[in-house]
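Here the structure comes first, spelled out in structure tokens, and everything after it is commentary.
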Amino acid sequence: MSAASRINAAIGRALAPRKPLTVSQWADAERMLSSKGSAEPGRWRTARNPPLREPMDALSARSNVHDVVMMFPIQFGKTEVAVNFMGYTMDYNPGPIMVCLPGEVSMGKWSAQKLQPALEETPAMRKALTSVASRDASNQRTFKDFAGGQLYLEHAGSPSRLKSTSVRNLVVDELDEFAGNLQGGDDPVEMLDGRTSAFPSTYKRLYISTPQIQGISRIEHLWNKSDQRRYHIACPDCGHEQPLEWNGLHWTPDGSEVWYACRNCGVVIPEHRKTELIASGRWIPTHPERKVRGYHINCLYYPIGLGPRWSELVQRWRDAQNDPAKLKTFVNDRLAEPWEDPAMRAVKHNVIADRAEPYRLRIAPSGVLVITAGVDTQDNRLAVHITGWGRGMASWTLDYVELPGDPADDAVWTALVDLLNKPIEHVCGGVLRVEATAIDSGGHRTEAVKAFVRARRIRRPMAIFGATANNAPVLSKGKLMDINWRGQLDKRGVLIHHVGTVAVKHLLFSRLSTDAEKQADARLVHFSDELLPDYFTGLVSESYNPGKNRFEKRRGARNEPLDTWVYSYAAAHHPELRLHRASKMDWDAREARLGTGECAPKQSDSRETPMQAAAASAPRAAGDSRETSRGLVEGEWVIR
């Protein structure tokens with residue numbers, strides 16, 4: 001070939017449009033794996049783990065997908081997808097890209113174990129860098145400048161780090177380890193999503209994580225909004241396509257032989273056929289109409305040689321059966337499913353609502369002998385839970401009310417006084433009053449709460465804080481907070497009591513769980529069927545996280561009904577009540593004072609109160625009026 005021909009060919013190649021390239025094609029051609037982080041160092045081969053191909057290609061430049069969610073088990077290559085996407089952006093489709101980790105420590109590990117080995121071993125990525133000098137400002141540990149873009153490595157522990165950068169591509173790794181909110185109250189994921197708003201038509205966002213606690217898991221929340229794709233394989237006998245699921249795995253009593261059974265024909269599928277079946281498998285969406293791409297896969301798909309065999313997984317499963325912590329780890333890390341405490345299955349909000357009983361709010365049913373209240377303070381309202389207590393600390397929710405108004409204003413406190421000082425009729429006759437009230441003094445209205453408690457406009461008000469320690473008692477000894485004119489603690493001032501919220505929530509949920517199999521009269525926790533659905537949702541709005549040994553709120557739920565129930569339980573422990581220590585003699589004395597000893601439970605459809613029944617049977621005079629507990633009725637007056 002002549003020199004002119006070679007020059008023309010070079011010019012033609014330079015001017016020719018670039019061939020479209022997907023992320024998996026780029027990775028197969030350019031990506032090199034380091035021995036520092038891979039069991040099989042050398043050239044990347046997507047065919048070695050076929051389920052990774054489609055999630056990678058969904059992040060390609062010509063893909064119309066914007067958001068990709070990967071709920072994957074550990075050691076499945078999900079982070080390698082992020083690295084390949086990062087390399088593709090640097091070398092083929094340049095633009096600003098951010099990789100965000102939960103914290104500073106995890107960010108440092110990701111940089112050392114993933115980013116640096118990739119740059120060292122992959123020439124295409126290293127060549128794209130503006131500088132490789134370690135002292136150059138364009139080549140820092142958390143920032144890399146490359147032709148046409150920049151790479152930012154950030155962590156979600158600081159709002160300032162998440163606000164200052166606009167990027168086209170975003171990678172969020174180990175999403176479930178992110179904090180619930182930042183110091184300023186911001187949600188870190190919402191802040192991250194805003195970083196791509198400058199690229200409304202070309203942005204790509206990748207969210208990766210193994211799930212943690214059901215209802216709290218961030219990756220589960222995104223997965224539920226996605227098209228929910230699972231990897232299907234075809235049965236070698238009947239051809240039925242199905243995802244591999246743990247309940248389809250079978251083994252001998254000693255676990256020495258393991259096989260998979262087709263859900264359609266029941267044929268035995270040995271593990272050695274897994275490689276060919278996965279190679280010919282495909283992702284199938286459950287909700288194809290949704291725009292967010294969601295991918296979920298489990299440990300049964302580990303390529304042979306790159307993860308535990310089925311027999312090893314079975315052994316780990318068997319070993320975990322008597323250890324809840326190990327079982328949770330297996331479910332999260334290997335099955336890639338959010339953990340749900342078995343005890344919590346009986347306390348779902350719809351299950352609790354189905355157990356509601358036909359008694360009226362603010363009418364104490366038979367069995368109620370004492371009433372307390374719990375109050376939660378928010379910036380624009382007070383949430384109030386009025387609870388009746390009986391023998392064995394059985395409880396009845398008598399009312400749940402939200403009083404609108406800023407607690408910094410006296411009006412809402414006046415409404416609270418009117419609510420709590422109003423006597424509550426008993427279904428057997430007589431009346432009861434709220435004997436103690438615990439008011440949350442956390443948040444932004446601490447001084448307003450202290451002022452209200454100091455004024456003593458209701459019976460036995462207590463200012464409380466949720467205890468930090470998980471093993472704290474239900475109600476601690478009060479601690480003086482006020483200072484007198486000498487600068488000393490005022491012995492007549494406000495006392496602050498700490499409430500062991502973790503212990504009380506464990507108690508409530510255990511009672512709700514055991515109540516599931518009991519008849520209404522034998523239950524320990526009772527609810528009226530007049531309560532709104534939001535009450536039941538809020539009552540079970542938190543889940544226990546054994547890893548952190550605390551309860552965490554489910555995403556999107558309001559937990560005031562739960563908190564106020566806890567506070568009303570704490571109020572029952574007031575030093576002057578101590579209902580949890582009441583003896584049979586104490587309960588008998590209360591019952592005698594109320595005069596309900598011969599009362600039988602009444603659950604009539606008319607739901608008449610004793611006063612209403614008496615008023616209805618009294619003689620009526622024309623033109624008189626009758627005022628009942630529910631309003632003014634024409635006909636006669638009833639003196640209360």
Side-chain angles (χ1 to χ4, degrees), residues 370-387 389 399-422 433-485 487-505 507-508 551 559-580:
V370 187
I371 298 176
T372 64
V375 181
D376 184 51
T377 56
Q378 300 292 328
D379 289 350
N380 60 353
R381 66 188 183 279
L382 296 177
V384 187
H385 198 295
I386 300 177
T387 310
W389 303 97
D399 207 354
Y400 176 76
V401 181
E402 292 191 356
L403 303 175
D406 190 333
D409 188 356
D410 191 58
V412 71
W413 295 108
T414 300
L416 179 65
V417 171
D418 293 341
L419 176 68
L420 297 184
N421 282 344
K422 185 177 181 180
R433 296 180 180 274
V434 176
E435 296 198 27
T437 302
I439 308 172
D440 176 30
S441 57
H444 303 152
R445 300 295 182 263
T446 301
E447 293 304 316
V449 173
K450 289 166 61 178
F452 179 77
V453 171
R454 196 179 292 117
R456 297 192 174 275
R457 297 162 67 184
I458 59 175
R459 297 191 72 188
R460 299 189 182 100
M462 291 191 301
I464 62 167
F465 269 110
T468 302
N470 293 321
N471 59 350
V474 172
L475 187 71
S476 72
K477 182 180 178 180
K479 181 179 180 181
L480 290 171
M481 297 297 292
D482 286 342
I483 304 297
N484 62 20
W485 63 276
Q488 301 171 337
L489 290 174
D490 187 351
K491 295 182 179 181
R492 296 183 179 181
V494 173
L495 296 173
I496 296 291
H497 299 262
H498 285 86
V499 173
T501 56
V502 173
V504 181
K505 289 172 184 177
L507 173 91
L508 172 62
F551 283 84
N559 62 349
E560 287 92 341
L562 173 60
D563 285 345
T564 50
W565 192 98
V566 170
Y567 301 156
S568 66
Y569 182 80
H573 289 61
H574 190 284
E576 296 176 11
L577 290 180
R578 291 166 54 85
L579 297 182
H580 64 296

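Keep in mind that what you see is a predicted model, and the values were worked out from it rather than measured.
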- request: Under the side-chain contact (heavy atoms from CB on, under 4.5 Å) rule, what do Leu577 and Arg460 come out as? Steps first, then yes or no, please.
  value: CA-CA 10 Å; Leu577 290 180; Arg460 299 189 182 100; 3.8 Å; yes

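- Note that NE2 of His385 is 9.0 Å distant from CG of Leu562, once rounded to the nearest 0.5 Å.
- In this structure the side chain of Ile386 reaches within 4.5 angstrom of the side chain of Leu420, judged on heavy atoms.
- Two residues are said to be in side-chain contact when any heavy atoms from C-beta on lie closer than 4.5 Å; Pro407 and Val449 fail this criterion.
- Here the side chains of Asp410 and Phe452 are not in contact, with every heavy-atom distance at 4.5 Å or above.
- Atom CH2 in Trp413 sits 6.5 Å away from atom OG1 in Thr377 (nearest 0.5 Å).
- Contact of the Met481 side chain with the Lys450 side chain is registered, since non-hydrogen atoms from C-beta on lie closer than 4.5 Å.
- Scanning all heavy atoms of the two residues, the minimum distance from Ile496 to Ser441 falls at CD1-OG, 3.9 Å.
- When the shell of 6.0 Å around NE2 of His444 is examined, it contains 12 or fewer heavy atoms from other residues, nucleotides or ligands.
- Electrostatic pairing of Asp563 and Lys505 counts as a salt bridge here, judged by a charged N lying under 4.0 Å from a carboxylate O.
- Minimum interatomic distance between Gly493 and Leu480 (heavy atoms only, all atoms of both residues): O-CD2, 4.4 Å.
- Of all heavy-atom pairs between Val502 and Phe551, the closest is O-CE1, 3.6 Å.
- Residues Trp389 and Tyr569 bring their aromatic ring centres within 6.0 Å.
- Nearest heavy-atom pair, Val474 versus Ala570, reported as atom, atom and distance to 0.1 Å: CG1-CA, 4.1 Å.
- Asp406 meets the side chain to side chain donor-acceptor pair (under 3.5 Å) test with Arg445; sequence neighbours excluded.
- Residues Tyr400 and Val384 form no side-chain contact, since every pair of their non-hydrogen atoms from C-beta on lies 4.5 Å or further apart.
- Minimum heavy-atom separation, Ala472 to Ala503: O-CB, 4.3 Å.
- Interatomic distance, OG of Ser476 versus CD1 of Ile464, reported as 10.0 Å (0.5 Å rounding).
- With a 4.5 Å cut-off on side-chain heavy atoms, Trp565 and Leu508 count as touching.
- With values rounded to the nearest 0.5 angstrom, Leu475 atom CG is found 10.5 Å from His498 atom NE2.
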- request: Quick one: do Thr372 and Thr437 satisfy side-chain contact (heavy atoms from CB on, under 4.5 Å)? Show the steps, please.
  value: CA-CA 6 Å; Thr372 64; Thr437 302; over 6 Å; no

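- Counting only N and O atoms by type, the side chains of Thr414 and Arg457 include a donor and acceptor under 3.5 Å apart.
- Considering every non-hydrogen atom in both Lys477 and His497, the closest pair reads C-ND1, 4.0 Å.
- For the atom pair CG of Asp440 and OG1 of Thr564, the computed distance is 10.5 Å after rounding to the nearest 0.5 Å.
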message: Walk me through whether Ile458 and Asn421 qualify under side-chain contact (heavy atoms from CB on, under 4.5 Å).
response: CA-CA 6 Å; Ile458 59 175; Asn421 282 344; 3.7 Å; yes

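- Within the 4.5 Å cutoff, the side chain of Glu560 has heavy atoms near those of the Arg381 side chain.
- One finds the CZ atom of Arg459 at 11.0 Å from the CD1 atom of Ile371 (value rounded to the nearest 0.5 Å).
- Leu416 places none of its side-chain heavy atoms less than 4.5 Å from the side chain of Asp418.
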